[in-house]
Asks: 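The structure follows.
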Amino acid sequence: MTSPVWHPFTQHGLQEPVPTVIRAEGALLHCADGSTLIDAISSWWVTTHGHCHPRITAAIAAQAQKLDQVIFAGYTHEPAEEVARGLIAIAPSGLSHVFFSDSGSTSVEVALKMALGYWHNRKQPRHRILVLEHSYHGDTIGAMSVGERGVFNRPYAPLLFDVGTIPFPVEGQEQATLDALESACRGEQKPAAFIVEPLILGAGGMLIYGAGILRAMREICASHDVLFIADEVMTGWGRTGTLFACEQAGISPDIMCLSKGLTGGSVPLAVTLASTPIFEAHYSTDRAELFYHSSSYTANPIACAAAAANLAIWREEDVLGRIASLSAAMAARRAGLGKDQAFEKSRQIGAIAAIDMKTANAGYLSELAPQLRTFFLERGILLRPLGNTIYVMPPYAITEDAVDIIFSAIAEAAQAFAL
Ligand code: PLP
């Protein structure tokens, strides 16, 4: 019988295999047919420490027996309070308030609404948002609007709002990015905010840029009174080698989005952190000025308990040390690949490595992507190339042997798919 399930980002017409996963631990997924897969992309970039981390699963189980869910408008609970306090203690300075939601996309929607609400309540309405070329911020309408226009959102284009696009800071041409941002900030239509993925653009193709540019972009926004939104949904929780990518640039955004690894990747939760001025612009005795955003499950206690356990792991264990070792192991294996003529643009930041396979048909719709997916699946590896870009972003608990298997399979792919 065919399944009634409609999967995300899946062309069912291609009839690709859909493994049924029944159990997971560390970096391994166990399937119903008895096979085991190495999760080389952290199940869409969420699993940080490893699947089914015992401290996180125990926290979820304990919380589920105490308080499963409660309305969060006008009510609170200790897991949410604990997460909020824990986040403010480790977030870039100046971020003082925590707004909960359920996914990376909703954390971005919240960030955009906070920015517009800030200007509205200050009686200086601004609506224009600046974005970086090739960005991806999620799949809801606002998040798509601030992302790259293309195959991901073409059918919905008429619903998307207009934005100002700043060119990606290609190495050697960074000044053009800074000049374009400066000019957009000075523009007649004053921008409300600039939203960026710090240090690396994920779904846009794992495009890396320097911390100096991130810092310069933040400074330009500050000097023109344009709010700076850091979308750390992918980069947060150690992926780039530091807890948050913003740390490498020594910057504090006005608004910061987190999700994915917030619960260690166990259950869905997101937060949007805001600076005091953003909160205060909504603080009043006038109910018309409150922040009008909610969802039924805002700050679900079970998800918050998972996030609190994740924060405790970060406080008490040497997670950054683990990431540094993983990063070094990945860099060593990647160095071998870089010499292969089939590849170009080998790159890495922290525990994210990427390489492009040379092809006549680059881009997300490259026919290489589904072929490579199947090739890796047949070798017991979950990899999901972005077009002709193969990237590796494993859970930090992955073993060196598993890292070897992944990079050997990528080397083998070079032979199988070389032009
Ligand atoms: N922002 C960034 C930078 C992302 O990489 C993603 C997802 O990959 C999102 C936002 C959207 O997150 P979600 O898929 O949880 O809605």
Side-chain angles (χ1 to χ4, degrees), residues 5-14 16 41 43-46 101-116 127-170 177 180-181 184 189 191-198 200-209 227 229-235 255 257-260 268 270 272 293 295 354 356 359 361-370 372-373 384-389 391 393:
V5 175
W6 191 344
H7 289 269
F9 271 62
T10 298
Q11 178 46 277
H12 284 270
L14 292 178
E16 288 179 85
I41 60 158
S43 280
W44 255 348
W45 322 345
V46 302
S101 63
D102 320 304
S103 71
S105 301
T106 53
S107 74
V108 168
E109 298 285 346
V110 165
L112 299 172
K113 288 174 70 173
M114 279 179 178
L116 265 65
H127 309 105
R128 188 164 177 74
I129 305 288
L130 302 179
V131 307
L132 210 48
E133 182 191 20
H134 304 309
S135 294
Y136 176 82
H137 297 286
D139 285 337
T140 49
I141 296 292
M144 282 193 291
S145 296
V146 293
E148 181 79 11
R149 304 300 157 95
V151 66
F152 292 175
N153 47 46
R154 197 160 291 135
Y156 329 113
L159 292 185
L160 306 186
F161 57 78
D162 195 26
V163 293
T165 302
I166 308 302
F168 176 79
V170 176
T177 299
L181 180 58
Q189 201 189 349
F194 177 42
I195 181 165
V196 292
E197 291 166 83
I200 174 166
L201 274 55
M206 299 297 162
L207 307 174
I208 299 172
Y209 64 95
L227 297 175
I229 305 173
D231 175 354
E232 292 242 18
V233 167
M234 182 189 81
T235 52
I255 302 177
C257 305
L258 296 173
S259 186
K260 295 193 186 276
T272 308
H293 190 94
S295 67
D356 291 0
T359 172
N361 174 17
Y364 190 81
L365 287 185
S366 164
E367 70 281 356
L368 263 178
L372 285 167
R373 256 194 325 254
R384 219 185 131 82
L386 291 157
N388 59 318
T389 298
Y391 69 90
M393 196 192 305

Asks: What distance separates Glu109 CD from Ser145 OG, expressed to the nearest 0.5 Å?
Replies: 7.5 Å
Asks: Rounded to the nearest 0.5 Å, what separation is found between the CG atom of Leu130 and the CD1 atom of Ile229?
Replies: 10.0 Å
Asks: Short question: side chain of Asn153, backbone of Ile141 - any donor-acceptor pair under 3.5 Å?
Replies: no
Asks: Calculate, to the nearest 0.5 Å, the distance between atoms CZ and CD1 belonging to Phe194 and Ile166 respectively.
Replies: 5.5 Å
Asks: How many angstroms lie between NE2 in His293 and OG in Ser101, if you round to the nearest 0.5 Å?
Replies: 6.0 Å
Asks: Which pair of non-hydrogen atoms, one from Ala230 and one from Pro198, has the smallest distance, and what is that distance?
Replies: CB-CG, 4.1 Å
Asks: Taking atom NE2 of His137 and atom CG of Leu112, what is their separation to the nearest 0.5 Å?
Replies: 8.5 Å
Asks: Any donor and acceptor pair, going by atom type alone, linking the side chain of Glu133 with main-chain N or O of Pro167 inside 3.5 Å?
Replies: no
Asks: Taking His7's backbone N and O only, do any of them form a donor-acceptor pair with His12's side chain (distance below 3.5 Å, no angle check)?
Replies: yes
Asks: Can a donor-acceptor pair be found, under 3.5 Å and without considering hydrogens, that links the side chain of Thr165 to the backbone of Val131?
Replies: no
Asks: Any non-hydrogen side-chain atom of Ile129 less than 4.5 Å from a side-chain atom of Leu116?
Replies: yes
Asks: Please find the pair of heavy atoms, one from Leu372 and one from Pro385, that lie closest to each other, and give the distance.
Replies: CB-CG, 3.8 Å
Asks: Are Val233 and Ser107 packed together at the side-chain level, in the sense that at least one heavy-atom pair is separated by less than 4.5 angstrom?
Replies: yes
Asks: Tell me, please, which residues at least two apart from Thr359 pass side-chain contact (heavy atoms from CB on, under 4.5 Å).
Replies: Asn361, Ala362, Ser366, Leu368, Asn388
Asks: Which heavy atom in Ile255 sits nearest to a heavy atom in Met114, and how many Å separate them?
Replies: CD1-CB, 4.0 Å
Asks: Before you tell me yes or no, could you show the steps for Ser135 and Val196 under side-chain contact (heavy atoms from CB on, under 4.5 Å), namely the whole-Å CA-CA distance, both residues' side-chain angles and the distance that decides it to 0.1 Å?
Replies: CA-CA 7 Å; Ser135 294; Val196 292; over 6 Å; no
Asks: Within the distance-only criterion (no hydrogens, no angle test), does the side chain of Glu197 pair as donor or acceptor with the backbone N or O of Tyr136 below 3.5 angstrom?
Replies: yes
Asks: Decide yes or no on side-chain hydrogen bond (donor to acceptor under 3.5 Å, both in side chains) for Thr235 and Glu232, but give the supporting numbers first.
Replies: CA-CA 5 Å; Thr235 52; Glu232 292 242 18; 2.9 Å; yes
Asks: With side-chain contact (heavy atoms from CB on, under 4.5 Å) as the criterion, how do His127 and Phe161 come out once you've worked through the C-alpha distance, each side chain's angles and the decisive distance to 0.1 Å?
Replies: CA-CA 10 Å; His127 309 105; Phe161 57 78; over 6 Å; no
Asks: So, Ser105 side chain and Asp139 main chain: donor-acceptor pair closer than 3.5 Å or not?
Replies: yes
Asks: Please lay out, stage by stage, how Tyr209 and Thr177 fare under the test side-chain contact (heavy atoms from CB on, under 4.5 Å).
Replies: CA-CA 11 Å; Tyr209 64 95; Thr177 299; over 6 Å; no
Asks: Mind checking what makes side-chain contact (heavy atoms from CB on, under 4.5 Å) contact with Leu386, not counting sequence neighbours?
Replies: Met206, Tyr364, Thr389, Tyr391
Asks: Can you see which heavy atom on Gly164 is nearest to which on Arg128, and at what distance?
Replies: CA-NH2, 3.3 Å
Asks: What distance do Gln189 atom CD and Asp162 atom CG have between them, rounded to the nearest 0.5 Å?
Replies: 8.0 Å
Asks: If you take all heavy atoms of Lys260 and Met234, which pair is closest and at what distance?
Replies: CD-CA, 4.3 Å
Asks: Tell me the closest heavy-atom pair linking Ala270 and Ser103, and the distance in Å.
Replies: CB-O, 3.1 Å
